[in-house]
Protein chains: 2
Amino acid sequence: MPGTPRQRAREQTLDDITRIGRRHLAEVGAAALSLRAVARELGVVSSAVYRYVANRDDLLTLLVVDAYTELGDAVDAAVGAAGPAAVDRFTALARAVRAWAVREPSRWALLYGSPVPGYAAPAERTTAQGIRVITLFAHIMDDAWRAGDVDGAGAAPPGLAADYQAIRDQLSLSVPDGVIAATVQAWSALFGAVSFEVFGQYGAATFGDPEALFDHTVERLAVQLGLAAAA
Amino acid sequence: MPGTPRQRAREQTLDDITRIGRRHLAEVGAAALSLRAVARELGVVSSAVYRYVANRDDLLTLLVVDAYTELGDAVDAAVGAAGPAAVDRFTALARAVRAWAVREPSRWALLYGSPVPGYAAPAERTTAQGIRVITLFAHIMDDAWRAGDVDGAGAAPPGLAADYQAIRDQLSLSVPDGVIAATVQAWSALFGAVSFEVFGQYGAATFGDPEALFDHTVERLAVQLGLAAAA
DNA sequence: TGGGTGATGAGAGCACCGCTCTCGTTTTCC
DNA sequence: GGAAAACGAGAGCGGTGCTCTCATCACCCA
């Protein structure tokens with residue numbers, strides 16, 4: 001039991017705030033998340049919460065990091081349990097992302113939906129957890145490339161070569177531009193598909209089996225990434 | 001000048017409310033949109049606004065329809081000005097969507113971002129405008145199919161055949177399941193790419209020329225749709 | 001061991017929000 | 001011309017984020 005009792009109590013209270021905030025977030029969404037409601041449930045007057053959290057945005061940041069961490073853990077576990085083939089690892093990653101998003105729509109919205117107006121998550125506190133999934137995805141592609149399991153890369157816009165090089169440096173990758181370009185596109189396509197389903201944006205077109213629709217999208221993305229042959 | 005003076009004044013006031021709300025929405029976002037602030041700018045006490053708008057959600061619905069209409073008009077104009085080839089029409093549609101989203105990020109977020117908690121846009125008032133872009137996209141693909149300009153369709157998950165048939169019926173299409181499946185996927189990928197850019201969700205990876213990145217995505221989508229040959 | 005110090009929580013209060021109700025006034029319609 | 005409907009102002013309710021003050025309590029060090 002490290003630290004003084006007061007320090008431990010402080011951490012306990014911060015954990016309680018995060019836990020209550022997480023539940024409220026899941027129930028009412030980010031925009032309606034109320035610091036006073038959290039205080040009420042904590043059994044404390046609202047001003048007391050400000051001893052632990054600078055303001056409402058700070059609480060949101062806490063929950064953003066919390067959500068990124070949980071999503072990252074879920075994806076790590078799923079990919080770790082998948083087979084060694086790149087296509088299997090990619091499929092496991094995509095399905096884990098979707099499963100978490102469907103299970104936690106409000107938290108998915110907090111991470112990948114429209115930004116809360118006037119609130120920008122401070123990069124220095126969120127990026128560490130926020131880049132876990134894309135980093136894992138990039139390394140799945142990088143491993144596949146070095147193993148010769150990914151088909152020849154497609155073209156990449158030459159004007160973005162410097163940006164691709166920055167990505168390669170930052171993530172210690174060895175894949176060529178074409179693979180990075182394909183990965184970036186698959187990345188946004190994957191998250192678009194998940195958000196479309198979670199946010200109910202397919203409009204009047206309802207799909208009886210959204211999981212089958214998603215799996216089909218993942219199959220096509222695997223082909224486009226050069227990880228699998230066309231069916 | 002049809003209608004009584006009072007009726008015309010009412011429509012004028014409703015237009016003013018929409019116009020002011022549109023500006024506030026662009027400036028502070030949907031979650032922070034305040035009916036009282038609109039009333040202040042209108043030069044009227046807050047309760048007076050309730051003579052024209054049932055509640056805050058009703059004002060949001062007004063702005064949703066307004067945004068869908070403007071987006072639909074912009075896309076229609078762009079596609080109308082494009083050449084007859086399907087790939088050109090699709091490219092024009094995609095670029096027009098992105099251009100509008102970049103120009104109007106808050107309104108894009110209102111339409112395609114995370115739903116405002118507790119608010120679901122009433123379908124009977126929004127779908128008419130909301131389905132314009134996807135309808136146009138579907139008909140571009142349908143025209144291309146009937147003209148023989150789209151390559152053989154890929155596979156489609158058989159479990160979704162009924163859903164594809166419903167879409168075909170609703171939009172009066174003649175394309176096979178594979179083309180519908182590809183269109184749906186391109187649709188969500190397109191909106192994922194736009195949202196990633198507008199919401200700044202590429203993370204640490206910044207792109208110096210986001211338009212070039214988007215154009216490359218559109219080129220790849222055109223290939224995947226069978227509208228163009230691989231570069 | 002005891003006192004100074006800093007952390008803590010309660011409470012009051014400010015400005016804002018959505019929304020409701022009442023009450024004169026004005027316009028419309030029969 | 002009078003009844004009815006529409007309208008805008010105003011007061012008010014309960015909620016929000018956030019600040020400030022004040023009493024209390026635990027901690028640390030002389």
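Numbers restart at 1 for each chain; the letters A, B, ... are given by sequence-line order, proteins then strands.
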Exercise. For nucleotides 5-15 of chain D, just jot down a letter per nucleotide in 5' to 3' order: B, S or -, based on protein non-hydrogen atoms under 4.0 Å.
Key: -BBBBB-B---

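In the set D:dC18, C:dT28, D:dC28, C:dT28 carries the atom at the smallest distance from any side-chain atom of B:Thr4.
Counting heavy atoms from C-beta outward, B:Leu173 and B:His139 have side chains that approach closer than 4.5 Å. No side-chain heavy atom of A:Val65 sits under 4.5 Å from any side-chain heavy atom of A:Tyr68.
A distance-only check finds no donor-acceptor pair linking the side chain of B:Glu197 to the backbone of B:Glu211 [under 3.5 Å].
For DNA chain D, none of the residues of residues 17-25 of chain A falls under the heavy-atom distance limit of 4.0 Å.
Judged as a side chain to side chain donor-acceptor pair (under 3.5 Å), and not counting sequence neighbours, B:Asp15 has no contacts. Judged as a side chain to side chain donor-acceptor pair (under 3.5 Å), and not counting sequence neighbours, the contacts of A:Arg107 are A:Asp66, A:Glu70, A:Glu104.
Summarising the geometry, the separation between CG on A:Asn55 and P on C:dA15 is reported as 20 Å, rounded to the nearest angstrom. We find that CG of A:Leu42 is positioned 8 Å from P of C:dG9, with the value rounded to whole Å. One interatomic measurement links the two molecules: CZ of A:Arg56 to C1' of D:dT19, which rounds to 18 Å at whole-angstrom precision. Regarding A:Leu59, its CG atom lies at a distance of 12 Å from the C1' atom of D:dG17, rounded to whole Å.
The existence of a salt bridge linking A:Asp215 and A:Arg220 is excluded, since no basic side-chain nitrogen approaches an acidic carboxylate oxygen closer than 4.0 Å.
With the end axes of the helix from C:dT1-D:dA30 to C:dC30-D:dG1 each set by five pairs, the angle from one to the other reads 10° at 10° resolution.
Residue A:Val198 comes nearest to A:Val102 through the heavy atom pair CG2-N, 4.2 Å, listed as atom of the first residue, atom of the second, then distance.
Comparing B:Gln7 and B:Leu35, the nucleotide of DNA chain C nearest to each residue sits closer to the 5' end for B:Leu35.
Ring planes of B:Trp187 and A:Phe196: perpendicular class, angle over 60° (limits at 30 and 60°).
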For residues 73-82 of chain B, tabulate all N or O donor-acceptor pairs below 3.5 Å that involve a side-chain atom, not counting sequence neighbours.
residue	atom	partner	partner atom	Å
B:Asp73	OD1	B:Arg132	NH1	3.2
B:Asp73	OD1	B:Arg132	NH2	2.8
B:Asp76	OD2	B:Arg132	NH2	2.8

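Side-chain contact annotation: B:Thr217 with A:Gln185, donor-acceptor N/O pair under 3.5 Å absent. Side-chain contact, A:Trp108 with A:Ser195: a donor N or O sits under 3.5 Å from an acceptor N or O.
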